[in-house]
Amino acid sequence: MWTVTERRVAGARVLHRRGPMVVVALLWTLLACFVVGLGRHGDGFEPLVDGWLGSLTTVLPAALLVATSRTRTGPERRELLLLGVGSLAWSAGGVYVVLVSAQGATPPFPSWGDFAFLCFPPLVFASVALRVRRELRGFQASVWLDSALGALGAAAALAVVLGPLVSGATGGPVVVAVAAAYPLADLLLVATVVGVAVAYGLRPGGSWIWILVGLLVFATSDVVYALRVAHDTYALGTPVDAGWSLGLTLLATGAARRTSAQAAVRPHSQERVALAVPALATVTALVILVLGRWEPISPVATVLAGLTLVAAAVRTQIAFRQLTRMFDLGQQARTDSLTGLGNRRMLHEHLATRLATDEPLAVLLVDLDHFKEINDTLGHHVGDELLRQLGPRLTPALREGDLLVRLGGDEFAVVVGLGPFDVPEAVAERLLERLVEPFHLDGVTLRMSASIGLTLAPEQAADTNGLLQRADVAMYAAKAAGGGVRRYDPARDQHSRERLRTIEELRDALDADELVLHYQPQCDVAGGGVVGLEALVRWQHPRRGLLYPDSFLPLVEQTGLMGALTSKVLDGAVAQCAAWRASGLDVGVSVNVSASSLLDQALPDRVSAVLARHGLPASALTLELTESTLMADPETGVETLSRLKSLGVWLSIDDYGTGYCSLSYLQRLPVDELKLDRAFLVDVGRSRNAEIVRSTIDLAHALELRLVAEGVEDEASLDLLRRLGCDTAQGFHLARPMPAEQVSCWLRDRSTGRPVRWPVAGATG
Ligand code: C2E
Ligand code: CA
Ligand code: CA
């Protein structure tokens, strides 16, 4: 049996849930009565319709707004209260007018009623602005600017219509001010509505629709009323009188509906809006200004149109800066900083495009002979100078459209298109001839030679890795023969047999637990504390020893074993992290997720199952995805990411800066972290890279993302990152990747304050 108190509490709970909707139904019924009453209205003031119904249909919605605010908590309560108080003020003004009219009089102008009416727009604006700021926190300046642009453009257009009302009033200063305040208040309301709609990508969800439509109806009633009064066509008791009641009822209905968390999702159609809104606002402003040459237009409209153009100019400037920054970042990642030639990434991209056309190609791998001796005996600066001269020397031997890049060290790659009568070896010989001419370096004259391996596409391989690997085999054959040119010879290549064997071994390795994880700490740049550990896979090969991911991951991907590997790594890393936490080490773990794994729809379920199995909170897991992973299939990518995000795991964009993630795409992603590729940390103290690191940190912070810098190899880089405000650092200077047991000791030594020497002796990586 229930006690009375229990029953009362249960009843209150039901009322709490259902109550507002019952009141809402009552409001709409009253409103319907009011409209019907207005339809049958005669001349003059009718107490039941204009008095009672008119007052109730504004006071009750306002009261419901205030009451609803009391059922909410935190910022939502404050926002609703502002809306409620504004509406209450407006309805109080209405009641005052009704009371005066009931006595057959007209209120003086201005009266207390006017001040009550005029409280509404600023309070509404404050309420809406607070909510938008809360829901769209962390959005880029461009979103706010688009919103402001839309608001200004709409206000400018309306100001043209209302202009005469702003400047037309006559009388004392108070009379003129109050008369002008009404149209300005409407401008504010309309600007607010348009601004919010634009900020949400023209697709505001949930309770926003009710509120925005309510405000629009409200402002429209105001404008229609003002215009009729100005033209002396206003009569009491037409349906126009119900406009304000309808507006307030819409507001109260919207507020009474619970906002779902969904309302805070990021605006998806932002990109399209980003293009359309500035254009539309600019055109509107221009039309107004041009029109002003023939028609008298109010100063308010002119000023608003001017402001719209200024905002549009700023918007264009920002868009341009973002584009330039993206371009620089992309360009830098494809350039070799020593020679100014392209790098391995450039080669990959170039080959990918050319292979797609099926054009016959030759890929040449050029390796200088005896370069190490030059470096050792004449010094690195001479070696570097030689490498720098190589580009200008070799390029004239190539044809338009062909590519020369530096792969690293003294290794260069060349891609040439082959015409029907071209002999690939002849191209290689031309390159060798150009090397024979002496190089003048720092007072010494050198003659160079090289070993060149060449392979043909699509005959011998049709993918970049395959081509490079075959060219490499051929180049070693050339080296072994004492230099010159060699074409790849499959018959002599042990590789294909070795490859088949490796694939077999790989399958076994996954079952036999030969894959092991090493962990590399990520440290807080400012405080030095360990914030997480990145799990990096290694293969403990029974014959070949410890293998690094570069040497087997491509094969894993090609043989379709990546899903299995990701599951293994995920399980191992989550288990290890749970073990660390159980032993009192408060750390998180990051796991790399490949493209194929991200496209696997089952990934979110698998992640959630693994977390549950080991009892690890989702917030202790970060998944790292590369830009190219996401760009492989942007739509599926976004969807899977959202599902992962809703589990509560952290998402990170790995190798940032090396792909083509557009800013607007990035903005749509529910990610928490950018990991700046380690290419940008090379020579960071001395090159333009510092500028890139700085602007990427700024960008990350503008998007409210954490920035992790990878490849921190010395104290100078760490110091620079500290000054630039980078959040997290990872790199050999802090610690190399190491086996789990070693990490435990390393973490303990740090937390007990025992000094740890970096890099950790004996660690692998
Ligand atoms: P990544 O995700 O960019 O991982 C960081 C790599 O940078 C690691 O190489 C790490 O040893 C290396 N590194 C860290 N600090 C420094 C430094 O100061 N200087 C330099 N030069 N290098 C540093 P690792 O372990 O060889 O891994 C290579 C790549 O293999 C990783 O790049 C990642 O893309 C992939 N990978 C590793 N483990 C997994 C895995 O479990 N799953 C998947 N899908 N990919 C993995
Ligand atoms: Ca990574
Ligand atoms: Ca990385």
Side-chain angles (χ1 to χ4, degrees), residues 333 344-345 408-409 465 506 509-510 514-523 532-540 546-574 576 588-600 603 607 610 621-630 632 650-659 671 673-684 708-718 721 728-740 743 758-760 763-765:
R344 191 178 283 271
R345 270 194 188 103
N465 286 335
L506 202 53
L510 277 164
E514 284 171 14
L515 294 183
V516 292
L517 292 179
H518 283 191
Y519 296 87
Q520 188 178 30
Q522 304 180 327
C523 298
L533 293 143
E534 178 176 1
L536 294 160
V537 70
R538 274 98 183 84
W539 181 2
Q540 190 64 59
L546 192 69
L547 301 182
Y548 286 86
D550 286 349
S551 65
F552 62 89
L553 281 186
L555 211 56
V556 173
E557 191 73 87
Q558 284 163 31
T559 46
L561 293 172
M562 192 50 104
L565 180 129
T566 302
S567 291
K568 265 239 136 69
V569 171
L570 201 58
D571 196 73
V574 167
Q576 182 60 55
V589 71
S590 300
V591 170
N592 292 284
V593 175
S594 71
S596 54
S597 302
L598 185 75
L599 295 182
D600 176 3
L603 182 70
V607 170
V610 170
L621 176 66
T622 303
L623 298 179
E624 294 190 4
L625 317 126
T626 61
E627 286 176 272
S628 47
T629 305
L630 292 167
W650 300 88
L651 298 176
S652 173
I653 304 240
D654 204 355
D655 301 346
Y656 180 72
T658 61
V671 296
E673 180 182 282
L674 293 185
K675 288 189 84 173
L676 185 63
D677 190 71
R678 60 174 178 270
F680 300 107
L681 264 284
V682 177
D683 269 348
V684 72
V708 183
E710 286 189 299
V712 179
E713 292 188 348
D714 49 40
E715 182 60 30
S717 313
L718 187 62
L721 291 172
T728 309
Q730 177 180 353
F732 293 168
H733 178 59
L734 299 165
R736 291 187 172 241
M738 45 195 157
V743 174
W758 288 331
V760 175
T764 51

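The figures here come from the full heavy-atom set of this structure, side chains too, leaving out hydrogens, waters and symmetry mates. Ligands are counted one by one from 1 in listed order, and the atoms in each one are counted from 1 as well.
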Can you tell me how far OG of S594 sits from CG of L565, rounded to the nearest 0.5 angstrom? 8.0 Å
Going by the 4.0 angstrom heavy-atom rule, the piece of L517 near ligand 1 is neither
Let's go through L517 and Q576 carefully: what are the C-alpha distance in whole Å and the side-chain angles of both, what is the deciding distance for side-chain contact (heavy atoms from CB on, under 4.5 Å) to 0.1 Å, and is it a yes or a no? CA-CA 10 Å; L517 292 179; Q576 182 60 55; over 6 Å; no
What is the distance from atom CG of L561 to atom OG of S567, rounded to the nearest 0.5 Å? 11.5 Å
Side-chain touch E557/N465, heavy atoms, less than 4.5 angstrom: no
N or O contact, R678 vs ligand 1, cut-off under 3.5 Å: yes
Once you round to the nearest 0.5 Å, how far does OH of Y519 lie from CG of L536? 9.5 Å
Per-atom contacts, ligand 1 versus D655 - under 4.0 Å to a heavy atom: 3 (O)
With a cut-off of 4.0 Å, which atoms of ligand 1 are near a heavy atom of E713? 17 (C), 18 (O), 19 (N), 20 (C), 21 (N)
Is it true that Q730 lies under 4.0 Å from ligand 1, counting heavy atoms only? no
Going by the atom numbers of ligand 1, which of them fall below 4.0 Å from some non-hydrogen atom of E710? 3 (O), 5 (C)
Close approach of E534 to ligand 1, heavy atoms, under 4.0 angstrom: yes
Atom 27 (O) of ligand 1: which of G572, A535, P549 has the nearest heavy atom? P549
Hey, is there an N, O or S on E710 sitting under 3.0 Å from the Ca ion (ligand 2)? no
Identify, with sequence neighbours excluded, every residue that meets side chain to side chain donor-acceptor pair (under 3.5 Å) alongside T622. none
Between H733 and ligand 1, which residue portion shows a heavy-atom distance shorter than 4.0 Å: side chain, backbone, both, or neither? neither
Please could you name the atoms of ligand 1 that S594 approaches to less than 4.0 Å, counting only its heavy atoms? 44 (N)
Keeping the roles fixed (side chain from K568, backbone from L510), state whether a donor-acceptor pair exists under 3.5 Å. yes
Of all the atoms in ligand 1, which lie at a distance below 4.0 Å from a heavy atom belonging to V712? 18 (O)
Between L553 and ligand 1, which part of the residue brings a heavy atom under 4.0 Å of the ligand: side chain, backbone, both or neither? side chain
Residue pair N592 / V537, side-chain heavy-atom distance below 4.5 Å: no
Does ligand 1 have an atom that lies less than 4.0 angstrom from a heavy atom of R538? yes
Would you say D654 has any N or O atom under 3.5 Å from an N or O of ligand 1, going by distance alone? yes
Can a donor-acceptor pair be found, under 3.5 Å and without considering hydrogens, that links the side chain of T559 to the backbone of L555? yes
Are any of the N/O atoms on V537, whether in the backbone or the side chain, positioned under 3.5 angstrom from an N/O atom of ligand 1? yes
What does the angle at the Ca ion (ligand 2) come to, between atom OE2 of E534 and atom OD2 of D654, rounded to 10°? 180°
Taking N or O atoms only and a 3.5 Å limit, does F732 qualify as a polar contact for ligand 1? yes
Going from CG on L623 to OG on S590, what distance comes out if it is rounded to the nearest 0.5 angstrom? 8.5 Å
Ligand 1-proximal atoms of R736, by part, heavy-atom distance under 4.0 Å: neither
Using side-chain heavy atoms (C-beta onward) and a distance below 4.5 Å, is M562 in contact with L553? yes
For the atom pair CG (L547) and CG (L506), what is the distance rounded to the nearest 0.5 Å? 10.0 Å
The criterion is side chain to side chain donor-acceptor pair (under 3.5 Å); which residues satisfy it with Q522, sequence neighbours excluded? Q730
Could you list the atoms of ligand 1 found under 4.0 angstrom from a heavy atom of V569? 41 (O)
Quick check: does D655 put an N/O/S atom under 3.0 Å from the Ca ion (ligand 2)? no
Is any side-chain N of the basic residue among D655 and R345 closer than 4.0 Å to the acidic one's carboxylate O? no
Within less than 3.0 Å of the Ca ion (ligand 2), any N, O or S from N592? yes
Nearest to the Ca ion (ligand 2) - the N/O/S atom of E624, by atom name: OE1
